[in-house]
Amino acid sequence: RAPALPPVSAGGGGRSGRRMAAAMAAPPPWLQQSGGAAPTMDSLRAPASTWGHEMKNYEREKRRVVDEGLMRGQQLRLPKGVVQQQERVFDPLLQRFRHSGVETHQRLAEERERVAHLNRAQDIQIVRSQPYNIVNHSSKLEALAPGQDPMRLGHGMSGETCRMSEGRPVPPSTYTDFNIVSNLAHDIHHWQKPGERPQCKERDATVRKVPHFTVKDFDIVTNRYLDAHESKMANEKHLSILEATHKFSKSCKFDPVSQQFNDPRMEERAKVAMDAREVESTMRFDAQLPPSYKGKLSNHYGIISHEAHNPEMLHMLETLDDERMDRHRNRYIVEHNLHVQDVKYDHVTAARKMNRIAPDRFEEPKRRGYDIIDNMSHGRLLHKEKQLHEDFTMKRLTPWERGQQGLPREPTMENVQTIRLDPPAARGLQSSSSAPHLGGSSGGGGRRRAEALGSGASSASVPSMRRQSGGSERSAARSLSSGALAAVASRPYAAPPAPVIPGHAVGSVFSHNG
């Protein structure tokens, strides 16, 4: 219960009070247009059913909707002590005024307003619904009109009006002012008595206007003009030919078979336009070319008489062509060199791959003399023998061959020459072939010995030769060792002399017994 408002009179101010209440209860215009349910900011930001609705809500929120916080006025301030002041007048616990006179006056005003409101509600119910109780069929207007029919009270209160002797006027049953069966006016042929028949409205006849397109200048039966038929037909034929020519020139301007325009004037204009366009494109292309590109080879000499107009330019173009051909030829030279390198690399790789195979794996079948699978002996003559192919692996050097490596070959009769030795004083370290850097200007014996023995002996007498891992070095070492073995075999003895015992005068180690 809040503090009472000023009482509203139940008399003449009732209608204005109802209007004010209706105006206060009516929704604002923007709510009335949307059916009383305007979307709020929360409803616009809520997830929609589809992506399209979400985009529409987002666009409406950002462009057309004003936040309700901007439409609110300044927040009401509650000064200090206002609540205590009101509590001194009205008791919030007992819900009554503390002054007894004010409480009594307020109660009476509330009672009057309640009775007036109930009376207005009862009046509205009687006007809008039945004037009697639908349960016991008693009249609700018994206090105002005792013993009368509530449906016949009239005066616009409810129900029907009072009964009259003439009865209620009947609206006309037809829109015509004559009888549609007899085609007579209602004042002559009507079911009412003559005094009460409807009066007919007199209408004057208007002049009928015939449309001009319905008037024909020819006979629709014979299909001939009414006058000057031959001249009009010739004129129509000429007009139809002109119209057909005009339509054909619009729809069929170009003949796809002959690839020409049907109108000679249009064909001439098209040729002129195409020639002009071609000349323009050629001139634009020539204008965009750099100075170094301008001028073709045929511009500098006559293509028929072969007469040179500009020999310097022709010589320059020939020089450029030769240089270009040299550049193109260099490509194939480089590709050939690369191919040769690849082939050489493949040969070296294959040789190294073969040299990585141990020769011992082929020694056992040779030593055995037959194949352990088909039990056929190795040979080359008999049909029962099986040919044994030589392997390509490098044979291992024997200890003797390894020991003979680096030693000079034994001279043969072909390369034996007279060697002039230097004086003993001149010999020494200077004649050592193992230390050529110690030799003087007089020349060492090693150099002359190399000249005497030839290229084969000089290559075999190099003490610093080592066995390399490559295929070419191993082949050289193999040939070197075979040459050394041949030189040893040509000697009268097969083995070197036995070493002597250092510091012992008896003899060698083979003749020493103890």
Side-chain angles (χ1 to χ4, degrees), residues 15-16 18-19 22-23 25-38 64 123-131 148-253 262-263 265-266:
R15 181 175 299 176
S16 61
R18 286 194 298 269
R19 290 178 180 176
W30 59 85
L31 292 182
Q32 294 177 1
Q33 295 176 1
S34 59
R64 296 178 175 80
D123 295 342
I124 292 172
Q125 182 183 8
I126 292 173
V127 170
R128 294 180 179 177
S129 62
Q130 299 296 335
Q148 297 183 13
D149 187 3
M151 296 297 294
R152 300 295 181 179
L153 293 178
H155 304 289
M157 291 186 62
S158 64
E160 298 180 0
T161 57
C162 298
R163 295 182 179 273
M164 296 180 294
S165 58
E166 291 82 7
R168 184 179 301 175
V170 180
S173 58
T174 178
Y175 289 100
T176 60
D177 54 355
F178 61 91
N179 193 298
I180 60 175
V181 177
S182 60
N183 288 333
L184 298 176
H186 285 167
D187 54 355
I188 300 175
H189 185 185
H190 199 265
W191 57 272
Q192 289 185 350
K193 56 185 179 179
E196 297 179 359
R197 293 177 180 177
Q199 299 294 327
C200 297
K201 184 179 180 181
E202 296 291 339
R203 292 181 298 176
D204 298 334
T206 58
V207 179
R208 182 182 179 186
K209 296 181 180 180
V210 180
H212 65 89
F213 54 85
T214 59
V215 178
K216 308 295 183 182
D217 59 344
F218 62 93
D219 192 350
I220 61 175
V221 178
T222 61
N223 202 18
R224 292 177 60 86
Y225 285 101
L226 301 178
D227 54 346
H229 174 73
E230 300 298 336
S231 61
K232 288 184 179 179
M233 286 300 296
N235 190 20
E236 270 194 12
K237 184 177 181 181
H238 181 66
L239 291 178
S240 61
I241 292 174
L242 294 178
E243 185 179 3
T245 305
H246 180 67
K247 290 183 179 180
F248 182 78
S249 62
K250 271 191 173 183
S251 59
C252 303
K253 296 181 179 181
N262 295 321
D263 192 355
R265 295 173 298 176
M266 189 175 295

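Computed over heavy atoms, backbone and side chain alike; hydrogens, waters and symmetry mates excluded.
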Separation of Lys253 NZ from Asn262 CG (nearest 0.5 Å): 11.0 Å
Non-hydrogen atoms of Val181 and Asn179 that approach each other most closely: N-OD1, 2.8 Å
Neighbour count above 12 (heavy atom, 6.0 Å) for Ile180 CD1: no
Tyr225 side chain reached by Asp219 side chain, heavy atoms, under 4.5 Å: no
Side chain proximity check, Arg224 to Glu230, heavy atoms < 4.5 angstrom: yes
Exceeds 12 heavy-atom contacts within 6.0 angstrom, atom CD1 of Ile241: yes
Atom pair CZ/CG of Phe178 and Asn183 - distance to nearest 0.5 Å: 6.0 Å
Pairwise distance OG(Ser240) to CG(Asn235) - rounded to 0.5 angstrom: 9.5 Å
Separation of Asp177 CG from His186 NE2 (nearest 0.5 Å): 7.0 Å
Minimal non-hydrogen separation, Asp187 against Ala185, with atom names: OD1-CB, 3.0 Å
Approximate separation, where rounding is to 0.5 Å, of Glu243 CD and His246 NE2: 8.5 Å
Pair Glu236 + Lys232: basic N to acidic O under 4.0 Å: no
Distance (rounded to the nearest 0.5 Å) between His229 NE2 and Asn223 CG: 8.0 Å
